[in-house]
Amino acid sequence: MGGSKPAATSARAMPTIAQASPGLSSTGGGDYHLDPRDEMPDDDAEYDNDAFYKKFQEPPSQCWSRHDIHQRRTSWIAITIYVLSVYSTILSGIWLVTAILQPRWGRQISSKQGLLPSTATTLAALLAKTIEVSFVTVFITFVGQVLTRRSFIRKANGITLAEMTMRNWVIQPGSLITHFETLASSGLTLLGALSLTATFAAAFYTTASDAMVAPKLKFGKWEQRELSGYVRASYASVEYTRSTCPHMISLKQDQFAEESCVNIMYSGQSYRNLLNFMQMWNDLNQNGSEIPNDLNKRPRSTMILHDNTTMYSQWIETSHSNVTALYNETGRIINNVTLAMPHPGVYAASANPINGILQPDDLSGVGEYAVRAGVVAPTINALCVNVKEDELKPLVYTEWPHARVVKTGIADQVKGWEGWEDEVPLAVNALGQENWLNRTEVDDIFKWGPEYKRRPPVFQLYPYDFNLVANATVTDSDAIYILGKTANFANYTLCQLQSWTSPNCSTVFNISGTAGASMKAHCEDPHDENSYLRSFDKDQEWGGASLDWRWLADQWRLSMDLNGGALNNNASNARLLTQLALQTPRLPTYLPSMAEAFAVYASSLAVIAAIDTPFRHYWDYDDPGNIVTGGPGHLQAFNATLITQQYTSGHTNSWQGVFYVVLVIVFGINLFCLFYFILRNGLVTDFTEPQNLFTLAVNSPPSAQLNGSCGGGPEKKHLEVPWRVAYAHSANHYFFEAANGGASGSKFGTETTCSSGFQPRYVRNSSYKRLSTSQGWL
């Protein structure tokens, strides 16, 4: 040593490959192994043999480490890792809590307020990706720290190549397939199992986020709420109905403009309902379907509200509709049906912003919701009774004594003269006594007479075949009456139409941005928690038939020309309706009855009469004429149960709950890694990172433990060799050495003495000694 520099050993004086590595030798047959000492190729300059033999006999004295292997908490890399760990832990925790709570975002995510749905989905995907990326970064840093720190510990078992590849599993999950041989030795360790778990979680995290956290349209749970809607008139207010009809002609030009408008509205809706009812029966007959006698199972009417909502009715009070039972009881054919319609005000209330229900337009036009409202149902009752001609004499003016009649020109038919109505006795005579008019055989059926406080109608004539005559002018009446005659049947059919608001129902309203809107009357269900009946005590008194409805019905009767039989106009609607009159005491299985048809025909009148009217069975405001003339009206509450769609963070299918596992794993590992970094004082150089590993490897002496691996890569036995990071204090140099004691540098002839020109220098404050005697994790 003494300052003189010995001559460098010639590369040609090195041992042959066969000597340095017993596993490599020249063979006489088969493969040829080059002996660099005996048979060098002529183009030796093209190879690195000189550099190979020279470098492998010299210690790497030129690699004096410029930096310590330990990095303080305040170093930029440590701060970066801490920030990423905190970010990933907090955000993955938020993601997990969000998936569990499944919050509904309401107007915070909608098409009109807050974030647009597409923006919210993109933002959720972006944040989920940052969680995934930060999680992978934090975890592979954690693995690198654990393995590197273990490699420093002299008494530990070191680390293997298989364990070094665990970081690749997380970064490149496909490497589990391409390099499956690493699983056998490292996958069964605690750190290996944790790495496999992290690999699984990282691979599916964005999928889990999309399934469990990304906002999507989803129904919530049924919730009981009190909804409110505006009411502006009492039920069946003829003045309000006229005032809201969109008449084009001003009242200054035509004082009857409102009336004409109402007539058009009535006729359009009524004929549409009747035609649809006819189509239903026609389809059933063509299909060969057998229609039962049970009214509950027979077709019912539908109606279109606001040109976009289909309304479905329901037959109610069917215990009074059994034709056969009524015939056995009274000896008379009685056709009595009651049809309930949904309350149209539920539509307006549901769309009212005061109730805060997100509409389909608020949800990109594809949202849905359903409301079950505890409100009254506008109802039509049609009572049609077969009556003989003689039994009708008290009700037909032409049969009264001293009646003034004129011939109609059809057979021997006569009718009352033009002023016949003036000869009908007044309801109260000159002495102030009430006049209940003539008694009939059907008084108890129609509830006429002083005991019922109701008067019967009077008709101008007996209608001819296929014709109808009507009367809607009975004093203090709550009904209109229609008398019809069908051909080939001696008896007449007398019908009474009434309307009221039934408390035995609830209204079901469904609306969808894709399937449209519908309303349905749900009645007489003892299990219906939303029935209007449940809003009051059992001893509550309910109102009877509406007196105002009669005036609407009279207007409707004019628009339908239901009194056309007075002129024998043989109207098509009269011809159809009269042919449905029952002639036997049972409901036909191939046609509707006359009462069913009349109820459907007039169902639109009940719906129109209920628009902007109370949800209750009474009017309790002080407005003149029961009409609100200014402002939106009175805000009235009603009980309801509803289910709505909102953009919600949560899964839509039960099987997607498996992704909870992914979210829990990521949060749990993030939390574990964060605690690890907190408990550890700073970081160490991660020798599992490719750049650090390569630098350390090329500055480490070769080892017989990896014989044969320099070309095709390590084999399974090489992957299981434990390694530790050694440190030469005199050279301030770190290098790999086998931790199983099996490495023998002499086999490679690499253990040479330092040249005399190299002077060891003192290394100040190296962390190696402290780290090499510490305790490892995992």
Side-chain angles (χ1 to χ4, degrees), residues 102 104 106 218-231 235 294-297 300 302-303 305 309-320 338-352 354-360 367-380 500-512 515 517-543 606-607 610 613-618 620 635-646 648 650 654:
Q102 301 186 36
R104 311 185 74 202
K218 182 181 178 182
F219 278 110
K221 296 180 180 179
W222 285 99
E223 55 179 320
Q224 291 186 340
R225 283 181 52 188
E226 190 177 80
L227 301 182
S228 299
Y230 289 108
V231 297
Y235 178 69
D294 184 359
L295 187 62
N296 285 315
K297 300 178 181 178
R300 59 199 70 171
T302 62
M303 179 180 168
L305 176 68
T309 303
T310 304
M311 306 183 77
Y312 298 92
S313 60
Q314 180 176 343
W315 299 115
I316 63 172
E317 301 183 12
T318 54
S319 59
H320 305 295
T338 305
L339 186 67
M341 300 296 292
H343 197 301
V346 175
Y347 181 105
S350 300
N352 195 324
I354 197 171
N355 292 311
I357 301 175
L358 289 178
Q359 303 301 309
E368 300 179 41
Y369 66 87
V371 177
R372 298 172 181 172
V375 297
V376 294
T379 303
I380 289 288
W500 59 83
T501 53
S502 174
N504 299 315
C505 303
S506 63
T507 291
V508 180
F509 175 52
N510 296 281
I511 186 169
S512 166
S518 66
M519 301 183 75
K520 181 177 68 173
H522 184 67
C523 304
E524 297 181 339
D525 180 0
H527 304 294
D528 183 11
E529 296 291 335
N530 302 285
S531 175
Y532 180 74
L533 282 172
R534 295 181 179 270
S535 300
F536 296 88
D537 297 330
K538 293 183 179 180
D539 58 351
Q540 173 70 34
E541 293 185 5
W542 308 106
V607 173
T613 65
F615 305 105
R616 306 167 187 167
H617 61 287
Y618 57 89
D620 57 349
L635 196 62
Q636 191 174 91
F638 57 90
N639 297 322
T641 303
L642 65 157
I643 184 171
T644 61
Q645 270 192 344
Q646 293 183 15
T648 304
S654 57

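The figures that follow rest on heavy atoms only: side chains count, while hydrogens, waters and symmetry mates do not. These numbers were taken from a predicted model, which means no experiment stands behind them.
- Across all non-hydrogen atoms, the minimal contact from V508 to R372 is CG2-CG, 4.3 Å.
- Here Q102 contributes atom CD and K218 contributes atom NZ; the two are 3.5 Å apart, rounded to the nearest 0.5 Å.
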Output a table of donor-acceptor pairs, distance under 3.5 Å, between side-chain atoms of residues 339-350 and any protein atom two or more places apart or on a different chain; print 'none' if there are none.
residue	atom	partner	partner atom	Å
H343	ND1	G345	N	2.9
H343	NE2	P614	O	2.9
Y347	OH	N308	ND2	3.2
S350	OG	V346	O	2.8

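- Nearest heavy atom pair, residue T644 against residue R104, reads O-NH2, 2.6 Å.
- When all heavy atoms of A373 and F638 are compared, the pair lying nearest together is CB-CE1, 3.6 Å.
- With values rounded to the nearest 0.5 angstrom, L533 atom CG is found 9.5 Å from E524 atom CD.
- Here the OH-CZ distance, from Y532 to F615, works out to 11.0 Å after rounding to the nearest 0.5 Å.
- Between the CD1 atom of I357 and the CD atom of Q646 there is a distance of 10.0 Å, given to the nearest 0.5 Å.
- In summary, of the residues considered (L295, T379, T318), a side chain to side chain contact (heavy atoms under 4.5 Å, CB included) with T338 occurs for T379 alone.
- Between L358 and Y369, the closest side-chain pair of non-hydrogen atoms is not below 4.5 Å.
- Tested against S506, the residues D528, N639, T641, N530 include a single side-chain hydrogen bond (donor to acceptor under 3.5 Å, both in side chains) partner, D528.
- Taking both residues in full, the closest heavy atoms of S518 and F509 are given as O-CD1, 3.3 Å, listed atom of the first, atom of the second, then distance.
- We find the NE2-CD1 distance between H522 and I316 to be 12.5 Å, quoted to the nearest 0.5 Å.
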| Does the pair N510 and K520 meet the rule for a side chain to side chain contact (heavy atoms under 4.5 Å, CB included), with working shown? | CA-CA 9 Å; N510 296 281; K520 181 177 68 173; over 6 Å; no
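- Residues S228 and I354 approach most closely at O-CG2, 4.2 Å, considering heavy atoms.
- For the pair H617 and V376, the tightest heavy-atom approach, listed with the atom from each and the gap, is N-CG1, 3.8 Å.
- For the atom pair CZ (R300) and CD (Q314), the distance works out to 5.5 Å, reported to the nearest 0.5 Å.
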| request: Step by step, work out the side chain to side chain contact (heavy atoms under 4.5 Å, CB included) result for W542 and Q540. | output: CA-CA 6 Å; W542 308 106; Q540 173 70 34; 3.7 Å; yes
| task | For W315 and D294, run side chain to side chain contact (heavy atoms under 4.5 Å, CB included): C-alpha distance rounded to whole Å, both residues' side-chain angles, the deciding distance at 0.1 Å, then the answer. | result | CA-CA 10 Å; W315 299 115; D294 184 359; over 6 Å; no
| query | Would E223 and L642 satisfy side chain to side chain contact (heavy atoms under 4.5 Å, CB included), going step by step from the backbone distance to the final call? | reply | CA-CA 6 Å; E223 55 179 320; L642 65 157; 4.2 Å; yes
